[in-house]
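Encoded as structure tokens, the structure appears first; notes follow it.
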Amino acid sequence: MTVRLHWFLPTGGDGRTLVDRHAYANNHAAAGVREPDIEYLAQIAKAAERLGFEAVLTPTGTWCEDAWLTTVALAQHTERLKFLVAFRPGVISPTLAAQMAATYQRITRGRLLLNVVTGGDSAEQRRFGDHLGHDLRYARTAEFLSVVRGVWGGQPFDFHGDHYRIDGGLTAVPPDPLPEIFFGGSSAAAGPVAAEHADVYLTWGERPQEVKEKIDWIRSLAEERGRTVKFGIRLHTISRDSAKEAWAAADRLLGDLDDASISAAQAALGASESVGQQRMLALHGGSRDKLEISPNLWAGVGLVRGGAGTALVGSHGDVADRIEEYHALGIENFVLSGYPHLEEAYWFGEGVTPELAARGLLAG
């Protein structure tokens with residue numbers, strides 16, 4: 001098992017700080033934020049391809065450009081780069097999603113990966129017309145993925161469940177290859193869905209022991225079902241030629257955060273139904289103190305950012321050490337990002353990637 005490296009497309013905006021990154025949060029571009037126009041996103045995509053990343057994750061949500069449309073456009077600006085497209089199963093027909101994936105694979109010659117986001121914020125879900133509660137959303141996701149895989153089978157597929165009734169579902173030409181399905185969730189409702197349907201279980205960056213516990217949990221559930229699941233982790237990175245430079249960069253990001261911004265973000269994030277989000281918040285407790293929660297694992301991002309809230313910080317060798325540590329636990333896919341995403345892609349790709357290659361952790 002080798003390390004697979006992926007980067008991130010900031011389709012909501014980018015910049016040099018952790019605050020005010022959403023370009024269109026107030027229906028206009030915020031000052032100091034790089035707008036996620038096709039030219040800038042193409043720069044990041046081309047850099048990721050040049051630096052050897054396998055794919056780029058493209059998020060989903062109110063403040064992001066649509067992931068399907070954006071990435072299929074960027075496929076015309078790249079040659080090999082794959083696109084890990086995030087989408088919510090509750091707001092699209094599973095048969096239509098299966099058809100879209102099949103079309104995407106043909107247009108891009110097989111460069112699609114799927115990131116299924118069940119959703120942990122009811123307010124965000126309601127914006128898209130989804131009013132199901134947390135656990136029911138996961139039950140629906142299980143049915144959704146059953147239909148998608150059934151429809152990809154090449155023959156008319158029937159499914160009668162609590163959330164979907166499909167009669168003769170079919171994609172005229174199934175995708176080739178079938179896109180890998182990435183899926184995350186830390187709740188009791190999420191585990192069985194991952195074990196039954198995911199190709200890759202994706203966790204946010206926690207301490208190695210906590211990540212190991214998650215891996216053991218999902219692996220055990222999958223074995224009960226006669227399946228094997230691969231594992232991935234979502235982290236930010238701040239990698240420099242020396243640890244001192246890296247921690248100085250982290251301190252600069254922290255210096256941009258005032259107490260009012262942190263308090264407001266923590267209040268909003270604390271209302272999330274996501275168990276994974278609550279685990280992220282527990283890593284720092286809303287405090288600036290003791291943000292290095294494990295060697296080279298910094299929880300400062302999570303003071304104001306929802307979702308993935310930790311970063312690997314240190315010299316290129318330090319960051320490679322931590323990746324090697326997670327890899328030894330069973331993590332194969334590393335989905336990484338940094339601020340700004342263009343510059344940090346080069347810091348990582350020119351600094352850490354050669355370290356990983358020298359240790360024999362990369363394919364080829």
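All values below come from the heavy atoms of this structure, side chains included, with hydrogens, waters and symmetry mates left out.
Side chain of T310 to main chain of G205: a donor-acceptor pair is present (N/O by atom type, distance under 3.5 Å, no hydrogens or angles). Of the possible donor and acceptor atoms, none in the side chain of S261 sits under 3.5 Å from a partner among the backbone N and O of L257. A distance-only check finds no donor-acceptor pair linking the side chain of R4 to the backbone of E54 [under 3.5 Å]. Put simply, the side chain of R227 never gets that close to the backbone of A222: no donor and acceptor are under 3.5 Å apart. At distances below 3.5 Å, at least one donor-acceptor pair connects side-chain atoms of S315 with backbone N or O atoms of D318. Remark: side-chain polar atoms of R207 are paired, donor with acceptor, to backbone N or O of I293 under 3.5 angstrom. In this structure, the side chain of R111 engages the main chain of T78 through a donor-acceptor pair within 3.5 Å. At distances below 3.5 Å, not a single donor-acceptor pair connects side-chain atoms of Q105 with backbone N or O atoms of L178. Under a 3.5 Å cut-off, the side chain of N296 and the backbone N or O of V313 do form a donor-acceptor pair. S294 places no side-chain N or O within donor-acceptor distance of the main-chain N or O of L297, the cut-off being under 3.5 Å.
Side-chain contact between E206 and M280 is present, with heavy atoms from C-beta onward closer than 4.5 Å. Two residues are said to be in side-chain contact when any heavy atoms from C-beta on lie closer than 4.5 Å; I181 and H197 fail this criterion. Using a 4.5 Å heavy-atom threshold, the side chains of F334 and T237 count as separate. Counting heavy atoms from C-beta on, the side chains of H77 and Q43 never come closer than 4.5 Å. Inter-residue side-chain proximity for I331 and I323 is flagged as unmet; no heavy-atom pair is nearer than 4.5 Å. The closest side-chain heavy-atom distance from L9 to H341 is not below 4.5 Å. Proximity of R225 to P192: side-chain heavy atoms (C-beta onward) are separated by under 4.5 Å at one or more points. You'll find the side chain of V116 stays beyond 4.5 Å of the side chain of F144, heavy atoms only.
Residues T118 and R140 have side chains that never bring a donor and an acceptor to within less than 3.5 angstrom of each other.
Rounded to the nearest 0.5 Å, atoms CD (E332) and CG (L5) are 11.0 Å apart. Annotation: the span from I166 atom CD1 to H160 atom NE2 amounts to 8.5 Å, rounded to 0.5 Å. Atom CG of D259 sits about 10.0 Å away from atom CG of L303, to the nearest 0.5 Å. In this structure, OG1 on T141 lies 6.0 Å from CZ on F183, to the nearest 0.5 angstrom. Considering CD1 of I38 and CG of L69, their distance stands at 10.0 Å, rounded to 0.5 Å. We find the OG-OH distance between S146 and Y164 to be 11.0 Å, quoted to the nearest 0.5 Å.
Taking the six-membered ring where tryptophan is involved, the planes of W68 and F87 are tilted, since the angle between them lies from 30° to 60°. Using cut-offs of 30° and 60° for the angle between ring planes, the W217 and Y201 rings count as perpendicular. Using a 30° and 60° split on the angle between ring planes, W298 and W247 fall in the perpendicular class, above 60°.
Under the 4.5 angstrom side-chain criterion for Ile, Leu, Val, Met, Phe, Trp and Tyr, the cluster partners of L113 are F8, L57, L84, F182, V200, L202, V335. Through ILVMFWY side-chain contacts below 4.5 Å, V173 is grouped with nothing and stands alone.
Ion pairing of R252 with D256 is absent here, as no side-chain N (NZ or NE/NH1/NH2) approaches a carboxylate O to less than 4.0 Å. At a threshold of 4.0 Å, the pair E49-K82 does not count as salt-bridged, since none of the basic side-chain nitrogens sits closer than that to a carboxylate oxygen. Salt bridge annotation for R34-E343: present, with a cationic side-chain nitrogen under 4.0 angstrom from a carboxylate oxygen. The pair R359-D321 meets the salt-bridge criterion, with a side-chain N (NZ, NE, NH1 or NH2) lying under 4.0 Å from an Asp/Glu carboxylate O.
Applying the side-chain hydrogen bond (donor to acceptor under 3.5 Å, both in side chains) test between E273 and each of R137, Q125, H134 identifies R137 as the sole match.
The 12-atom threshold is exceeded at CZ of R288, counting heavy atoms of other residues, nucleotides or ligands nearer than 6.0 Å. More than 12 heavy-atom neighbours from other residues, nucleotides or ligands sit within 6.0 angstrom of NZ on K230. Heavy-atom neighbours of E355 CD from other residues, nucleotides or ligands within 6.0 Å: above the threshold of 12.
Taking both residues in full, the closest heavy atoms of V229 and A198 are given as CG2-O, 3.9 Å, listed atom of the first, atom of the second, then distance. Contact detail for V117 and A86: the closest heavy-atom pair is CG2-CB, 4.0 Å. Shown here for V304 and Q266, the closest heavy-atom pair between the two residues is N-NE2, 4.4 Å. Scanning all heavy atoms of the two residues, the minimum distance from L41 to P36 falls at CD1-O, 3.4 Å.
Two different hydrophobic clusters hold I238 and I44 under the rule that ILVMFWY side chains link at heavy-atom gaps under 4.5 Å. Hydrophobic clustering of Ile, Leu, Val, Met, Phe, Trp and Tyr side chains at less than 4.5 Å, counting indirect connections, unites L145 with I92. V352 is connected to Y346 through a chain of hydrophobic side-chain contacts under 4.5 Å among Ile, Leu, Val, Met, Phe, Trp and Tyr, so both are in one cluster.
A search for ring pair (Phe, Tyr, Trp, His ring centres under 6.0 Å) contacts involving H236 returns Y339, not counting sequence neighbours.
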